[in-house]
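In what follows, a structure is listed as structure tokens, so that the remarks can point back to it.
First the proteins, then the strands, lettered A, B, ... as listed; each starts at 1.
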Protein chains: 4
Amino acid sequence: MLTVGLIGAGRIGRVHASTIVQDEGSQLVAVADSVDENAKNLAKLYKVNPRSVDAIFEDNSIEAILIASSKDTHSDFIEKASIAGKAILCEKPVDLSLARAKRCLENTKSNEHLIMMGFNRRFDPNFVALKKALDGGEIGTAELLSITSFDPAPPPIDYVKVSGGIFKDMMIHDFDMANFLYGELPKSVFVSASAIIDKKIGVLGDYDTAVATLKYRDGRLAVIKNSRRATYGYDQRIEVLGSKGLLQVQNMVENSMVKSTEMGVESSKPEYFFLERYKSAYQNEWTAFVTAVKTKTPMPVSLSDGIAALAIAEAAAASAEMGSEVEIANFL
Amino acid sequence: MLTVGLIGAGRIGRVHASTIVQDEGSQLVAVADSVDENAKNLAKLYKVNPRSVDAIFEDNSIEAILIASSKDTHSDFIEKASIAGKAILCEKPVDLSLARAKRCLENTKSNEHLIMMGFNRRFDPNFVALKKALDGGEIGTAELLSITSFDPAPPPIDYVKVSGGIFKDMMIHDFDMANFLYGELPKSVFVSASAIIDKKIGVLGDYDTAVATLKYRDGRLAVIKNSRRATYGYDQRIEVLGSKGLLQVQNMVENSMVKSTEMGVESSKPEYFFLERYKSAYQNEWTAFVTAVKTKTPMPVSLSDGIAALAIAEAAAASAEMGSEVEIANFL
Amino acid sequence: MLTVGLIGAGRIGRVHASTIVQDEGSQLVAVADSVDENAKNLAKLYKVNPRSVDAIFEDNSIEAILIASSKDTHSDFIEKASIAGKAILCEKPVDLSLARAKRCLENTKSNEHLIMMGFNRRFDPNFVALKKALDGGEIGTAELLSITSFDPAPPPIDYVKVSGGIFKDMMIHDFDMANFLYGELPKSVFVSASAIIDKKIGVLGDYDTAVATLKYRDGRLAVIKNSRRATYGYDQRIEVLGSKGLLQVQNMVENSMVKSTEMGVESSKPEYFFLERYKSAYQNEWTAFVTAVKTKTPMPVSLSDGIAALAIAEAAAASAEMGSEVEIANFL
Amino acid sequence: MLTVGLIGAGRIGRVHASTIVQDEGSQLVAVADSVDENAKNLAKLYKVNPRSVDAIFEDNSIEAILIASSKDTHSDFIEKASIAGKAILCEKPVDLSLARAKRCLENTKSNEHLIMMGFNRRFDPNFVALKKALDGGEIGTAELLSITSFDPAPPPIDYVKVSGGIFKDMMIHDFDMANFLYGELPKSVFVSASAIIDKKIGVLGDYDTAVATLKYRDGRLAVIKNSRRATYGYDQRIEVLGSKGLLQVQNMVENSMVKSTEMGVESSKPEYFFLERYKSAYQNEWTAFVTAVKTKTPMPVSLSDGIAALAIAEAAAASAEMGSEVEIANFL
């Protein structure tokens, strides 16, 4: 039974708490949050103790830490938990500052094998099936990857302000997915982006609609489309064209009912947002983490993976600003 | 916290145990099984005590009983649990003997409000959506209901021997679904049936492929198709034609990946069997039971519902044998 | 160039005329209709001469006759055209009277190889693909055939009066499809039927909603569902469950556009009615007829096939009336 | 009856010939081709006379010219036919040289209303439905357009040599589609492209896989993906994300049959190539041309439209070469 301390009792922290308690190989023992009330409420729900972050790090009976606190604390907490010898699962990103994230990697070198980054989508059963088919050569050699990733609605403007921008907050998931599927980092990125949904987002220097084109050393291409607003739900589709065919992952829908009337044929919308769409991804992510800790095998997503996605995100932001293609190597 | 004793630790008992422990409103406290080993293993998994059936009935701290034992024990256990004043969720059927089932209803009259029959499909989110659309008049008045219900593979012949036959074992679910959707019992049933998959099933006087046509007082019709073998998985589809349109529930599939190659376009199979397909139905069924007990509201599926489905199953068996249409009234 | 005389310039006659003139192997040379105006209008459109039926039969330069006149004239015209030595494509049914249809077969024995019945659906590319997959053993041995066949809207009551009833007018197509797919006639038929859409249809002793179950010598089953009203369009689906899988033909839709909004996901309705849905079936039917004539190979659908479907339709009507299963042999 | 002379009797010329003769408002009267044999064969098939190009231009009884000859002849023939006062439908592109195309526009100014460019996809019923829904505000304001356009197999290398390159030969259709759907020209284009399918294409300085991102004055974006090889058939999909939803046009498939077995669920591939996929688009294009000529209404696709698409294609080629974003204004 892996004993776990959870840092961060906000929306995503609660998702993880529920996953941890349902997993038969792990046990939630403590919850911390910068807002006492949050920690108390969540701790109460699962009959554990609210604690301070430091108390959790100092408790030798706690084997693993799940970091789901605000982004600007990630690298600090990774370092502290690493010094305390804990196994760590940390939400993305490593840090909003690429430089800081790289220092974090430096500072945790000796315990790197204990650190996993929470790119949950790598554990979605649909994307796993696609990855397996791709690696199995079922469509020959991959040539053109397309990722469609639209949120149902833009976040509050106060969130946008501290989000790090669309590339580090949202498209970073898709950069990691491209890295995961292609098994290689891109050579360059070009981004076209707009603030067309909400002018206020543009005023902040951020974007709400963006298209990134990635180019790889061998000529393979990838396109990522992001939008902060898809009124019909969370649109999460991937397709890969290969020399022998096409693989597609389509959206998961709310139910399988279809209604046909004089007005047309109506079916169910995509699942609304990440809590619904990636429920099993979070569960599988946690299982993979617990398994890696217990079997002392390499983490399925490393801190370096987190830094790679962050570097591409920073390159993408630079491309959007300059209006020109940017070499990824300059950011690694 | 509703305290629960589970009777029956076989395949379906284990499904229910897992559901009970994951539900926040209930607590599994005891497990019984006619095979001691089964009870012990399941009890160990959930850290509860294996007990005898009688010990469970006698324990006043146990509020609810889930009956998932063999079919021939259902009506006995319902009666005993009812006398003990327990809330009861019993797997279908009430009994293989319609007469015995009716006596069970007689004998539990005073506590009928505490008894729920486990027709899990009524709680499947897809069928619930269909029921809601139907009752909401979204396709006008229903005229023709079609249920396709195919198992992935025939059960072992030893199971077939004690199953009560395809109508009481398999199609009874579909009869209950028709009762649920139409909100009314049929007037008559006609069945065409064959043992075309496995001759040994025919030798037992049973069938593996069957089509039932139900006729209702106002002229509405329903067709139910059953097969014991659909090599591509559990095929569970429903459609209703109404005066203003068609409602369909399609199969749930294993994943949303699609592969297109020179050979064609391939997508995922239906979920393999009831454990996968009806996972959320079992969870919702349990929640509905717990809620009804706690709020002292009527059970969503009554013992009478169980007897109605059983009576239609018996009528269907008679129709198959005689080759003629049979009035349901003769069996109620 | 096969020279063709068309008898019948109504709705279906016009479909055939358009098909004939587009076919590179045939030439429309004359049109007849009991309503002079109809013949004139259609003849003018294609720059041919309107003629009397007899004039067409007597014209030795006309090689083939397409009979698309009213049902009660079919067997007379088949006989006359047969005596005149013409190749004949006749719309279904052979006759509304089974006895008369059988006499027609007797009377045309010597020229039977020149007569083809117009069961257009046998030439639909989708059903042809299904037939091919079935015969190729792609789903093993067929066990259960299901045909869904719904018209978009009931015909005018005046049409219903002379239609011969739902079994000879509508379900006859599905009986022929079952004969085509299974390659064998059923042993018995049972029908449940209602007049639930329009009471006036019931007053005429006819039905608007019907389910037929067919049983075959080896235990295979077939179910046919008919409704006179599917507000969402012409619903024409077929599926066959076999020992190794399932084959389905789904509806053809008006276009491939999908709209996703907050309200749901909307796609296109099925093509509205037979003119749209079976356009290519009519073309392929005609090509098959012309080819059979030119190559002196057997007609793909014989007069006997027409009588078989008619006999099953008559048996079905009898079953609906008596409420019991009926042996097909009694009607052959 | 519009009398038509066809110039060019190759693959696409034959498509148009078949369309012209099936249209009730037009009549094919002459065919010319630089290869006499081609002209003769096609003329024979439709019982018209093979002629020289000049003879067709000089024949006053010919009202309309369809130009389907090789690309390098388009602007010359447009000019000559324009001087002769003919109505003209010309296959894309106007010319491989943008400068020459612009001169052609200059030289035909006075008769511009008689010239239509053959961007057939604008007449595809599916895309027409999308355009109508878009203009009807069904998804609010358009924000992000995506066009997937993959050929089934790369053309012969000899064709590639004279094709004008992927942007003028293939993606030009998609640029025109973007112009059509958005009703406005883009501000800039950025292209990432590779020769990853066939190195020989790269040796020619051309590409076989390309992604173009278009940016519009108001911040709207568009992405076009081209590949010369989709082994599963002609992949022609479009989607538009708007402020209130998503519109998608999916592929048309060969048939609607689905096969489910132990191996998975198989359905039909997309229609193989443009002859099949855009058959009705060619028919509707021709009808639109004939109607515009007869009713003296503006051509639905003008010569200027042809030049706009060509200019974007030239800008795209420049972007691919330079690796930077290119302003469209510099090419108009």
Could you go through residues 192-201 of chain B and list every donor-acceptor pair under 3.5 Å that involves a side-chain atom there, pairing it with any protein atom two or more places apart or in another chain?
| residue | atom | partner | partner atom | Å |
| --- | --- | --- | --- | --- |
| B:S194 | OG | C:G219 | O | 2.5 |
| B:D198 | OD1 | B:K200 | N | 2.9 |

For B:K132, side-chain contact (heavy atoms from CB on, under 4.5 Å) partners two or more places apart: none
Portion of D:S268 that has a non-hydrogen atom of chain B nearer than 4.5 angstrom: backbone
Quick check: under 4.5 Å, non-hydrogen atoms only, which of residues 221-234 of chain D neighbour chain B? D:T231, D:Y232
For chain B, which residues from residues 242-262 of chain D have at least one heavy atom closer than 4.5 Å to it? D:S260, D:T261, D:E262
Take atom NZ in B:K71; do more than 12 heavy atoms of anything else shown fall under 6.0 Å from it? yes
Is it the case that more than 12 heavy atoms not belonging to B:E321 sit under 6.0 Å from its CD atom? no
Between D:M263 and B:E266 the two heavy atoms that sit nearest each other are O-OE1, 4.1 Å
